[in-house]
2 protein chains.
Amino acid sequence: MASIHDVARVAGVSISTVSYALSGKRSIAASTRLRVLDAVERLGYRPNAGARMLAGTRTNIFALTAPFHADTYAPAHMAFVLAVAQAAREHDYDVLLLTQDEATSGLRRVASSSLVDGIIVLDVAGDDDRVAVIRELGVPATFIGIPKDAAGLVCVDLDFEAAAALAVEKLVAAGHRSIGLIGHSPGVYARGSNFPPRFRDGFFAAAAAHGIETAFVMPERDGPSVRIALDALFAERPEMTAVVLHAEESIHAAVLDVLRERGLRVPQDLSVLAACASFETDHFEPPLDTIPLVAADSCWRAVTLAIEQVSGPIEPRIELVPPRFYERGSIAPPPDRHLASPRS
Amino acid sequence: MASIHDVARVAGVSISTVSYALSGKRSIAASTRLRVLDAVERLGYRPNAGARMLAGTRTNIFALTAPFHADTYAPAHMAFVLAVAQAAREHDYDVLLLTQDEATSGLRRVASSSLVDGIIVLDVAGDDDRVAVIRELGVPATFIGIPKDAAGLVCVDLDFEAAAALAVEKLVAAGHRSIGLIGHSPGVYARGSNFPPRFRDGFFAAAAAHGIETAFVMPERDGPSVRIALDALFAERPEMTAVVLHAEESIHAAVLDVLRERGLRVPQDLSVLAACASFETDHFEPPLDTIPLVAADSCWRAVTLAIEQVSGPIEPRIELVPPRFYERGSIAPPPDRHLASPRS
DNA sequence: CGAGCGAATCGAAACGCTTCGATAATTGCT
DNA sequence: AGCAATTATCGAAGCGTTTCGATTCGCTCG
């Protein structure tokens, strides 16, 4: 494996010249730079990662701690992991994957052995063990998600409250006065990350502000549960004309299936809005209006903030990514129930 | 951050003694070792990763190349990624995650900069670009999956052919003579990994060997497709008394839903066997007999083989993990159609 | 009693890079 | 022409380990 010495010899310069020619940290004559680059090319030289870490001040590696629980929704989880990896690569960073069973000890290990320059924390729970460890280590870190006590931390996340408010607004603007919310399974609210409650509470708050009637159900993943959940919604709000979905992909599909089965047309009889989903909604029948959760957005920002911290401490902050609405045609004005309602 | 110098000073020995005391590569007096360990403890010393890589011969990092395509089934993919990470950690290795869009260039980069000791290759396609790169780099690598040309490579995978044969055997042993196979979506067979065809072909071969009638369908992920697929199976083999499922979790659920809907009881009217699934099958109604694809098995073995290669070249090989059958009660003797068949 | 040996320890040389300070060589000003 | 400032290059000192002799000491054995 060619070393910087070989490059220096072939180019006929000293190794420091090679280093500067490659890093650009000092001015080098154009002709020299070319000779160096040519030698690099010819030898297929790549700087040795270990030597670089040792001599330089950074490793160009981030740890990614991405706990995976039994009720973690794999596609979304995967989307975030990949988005972090890609964002990191675009900044010339690599990603070291830490798993659940090594959550805190792994952080200690990689940080105190200077294996990584910083940490990206995924799937943050309200009360997350990793928070304390990271505070203690004082290592650059960005949280994707928001722990209960975020003091001194750098956090990035979609603005779930604003997303919920935007969802309500869009439906109110279309004329709806009674809106149902179909959320994740109860387990997700009970223990997992804190975005589901944030969305739910934002939804209720926005609805209250608009004087809108609401109902809320948390179906399980399996088929019959969705049917029961919809029944519960209609039982509680017979006048309901729109539903917001904040759940997994399979729930979306199941809801549409059940609606179809009952002869309820979307959007003529019921408007549907998918909120904070990290999957495409335009392959559904019909395609669903959506306020998506774009993994790439949060992750890119998280990586950028982590890199800023590597050069020196930055102001702690909670950065909320503003939600955006995409129209697909699944929202319409509410049907006129006085004339003819398919459900009556 | 405490260095080996600090430890040496506190323990009152030279740094080489510290190194040997920690690595155990030379004999050290027990009393000395204790003093060293005590100093390590007190200072919270962790060897610097960069220095270690540079001086030592290994980095204790594996690259994991895990391409994620549009039709990749996220839960299974995730299961393998996590299993590799965990297996690696149990051998004191870390995992560097390489993504799709950097597949070959990323391999080049991490290998030639000596960032990693070896590579674990996931989701291997029959004709995979990464094969050529890895041959060229001559770096320790283990493939999880089997490329078309596996000459000189170290590969690990579930024995899908044997799994298919075992599935057929179990059903034949129960008395079935006509078995349907519900596979993945057509896209998966067309371009993706090569295990689906391996299973399918193994299924046909075993069926032929037993003189069994077969039919095969490839439903898409969405709901109606499963219904259509089942219709097609029964149309082709009205006498069919058992089906083997080799597909995603949602397909399993959908198949059971459709069967229930049609009044077909499992296993009284139709026996069902889940094959090579990487998810649990005991939460289904009814729980399904299964020949699982255990990510941890293949991944553990893959990591072990990679580590062996780090110490020196090993014999290239294709290691097939033998399938195992777990009974859950979804297989029964075929119904006696002469008396009364729910479908007739 | 001295040669020989093994155990325990040390010193120093890598490992391949970054970076600081020093040295030339060149240019710009007065 | 003389001096300062600028540009281009080099040498060498780390960075924190591992590892290879070399050294010291206490024993054993002939």
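Quick note on labels: first sequence line is chain A, next is B, and so on, each numbered from 1.
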Can a salt bridge be assigned to the pair A:Arg317 and A:Glu315 using a cut-off of 4.0 Å between side-chain N and carboxylate O?
-> no
Would you mind telling me which of C:dA8, D:dG16, C:dC17 lies closest to the side-chain atoms of A:Asn48?
-> C:dC17
If you check every side-chain atom of B:Lys25, which of D:dG16, D:dT19, C:dA8 has the closest atom?
-> D:dT19
Are A:Asp297 and A:Arg301 within salt-bridge range, i.e. N to O under 4.0 Å?
-> no
Are B:Thr17 and C:dT9 close enough that a side-chain N or O sits under 4.0 Å from OP1 or OP2?
-> no
If you check every side-chain atom of A:Arg26, which of C:dG21, D:dT17, C:dA8 has the closest atom?
-> C:dG21
Touch check for B:Thr32, heavy atoms < 4.0 angstrom, all strands: base, sugar-phosphate only, or nothing?
-> sugar-phosphate
Is any side-chain N of the basic residue among B:Asp38 and B:Arg35 closer than 4.0 Å to the acidic one's carboxylate O?
-> no
Rounded to whole angstrom units, what separation is found between the CG atom of B:Asn60 and the C1' atom of D:dT18?
-> 13 Å
OP1, OP2 of C:dA7 versus side-chain N and O of B:Tyr20: anything below 4.0 Å?
-> no
Counting any heavy atom closer than 4.0 Å, what does A:Ser3 reach on the DNA or RNA strands: base, sugar-phosphate only, or nothing?
-> sugar-phosphate
Which of the following nucleotides, D:dT7, C:dC17, C:dA8, is nearest to the side chain of B:Ala29?
-> C:dA8
For the pair made of CG in B:Leu43 and C1' in D:dG16, what is the distance, rounded to whole Å?
-> 15 Å
Given atom NE2 of B:His5 and atom P of C:dG11, what is their separation to the nearest angstrom?
-> 11 Å
Below 4.0 Å: OP1/OP2 of C:dT18 and any side-chain N or O of A:Ser19 | yes
Of B:Ala30 and A:Ile4, the one whose nearest nucleotide on DNA chain C sits closer to the 5' end is B:Ala30
Between B:Arg89 and A:Asp101, is the closest basic N to carboxylate O distance under 4.0 Å?
-> no
Rounded distance (Å) that lies between atom C1' of D:dT24 and atom CD1 of B:Ile28 = 14 Å
B:Val7/B:Val36 under side-chain contact (heavy atoms from CB on, under 4.5 Å): CA gap, chis, key distance, verdict = CA-CA 7 Å; B:Val7 177; B:Val36 169; 4.3 Å; yes
Check the distance between C:dC15's C1' and A:Met53's CE and give it to me in whole angstrom.
-> 14 Å
Can you find a side chain N or O atom of B:Ser27 that sits less than 4.0 Å from OP1 or OP2 on C:dA8?
-> yes
So does A:Ser14 reach the base of D:dG11 with its side chain, donor to acceptor, closer than 3.5 Å?
-> no
Is B:Arg46 touching bases, backbone alone, or none of the nucleic acid, heavy atoms closer than 4.0 Å?
-> sugar-phosphate
Between atom CZ in B:Arg33 and atom P in C:dA8, what is the gap in whole Å?
-> 9 Å
From C:dC10, D:dT17, C:dC17, nucleotide with atom closest to B:Arg52 side chain | D:dT17
Against the side chain of B:Leu54, the closest entry in C:dC17, C:dG16, D:dA12 is C:dG16
Given C:dT18, C:dT19, D:dT18, which nucleotide is nearest the side-chain atoms of A:Ile15?
-> C:dT18
Whole Å only: how far is the CE atom of B:Met1 from the P atom of D:dT17?
-> 11 Å
Would you call the rings of A:His77 and A:Phe68 parallel, tilted or perpendicular if under 30° counts as parallel and over 60° as perpendicular?
-> perpendicular
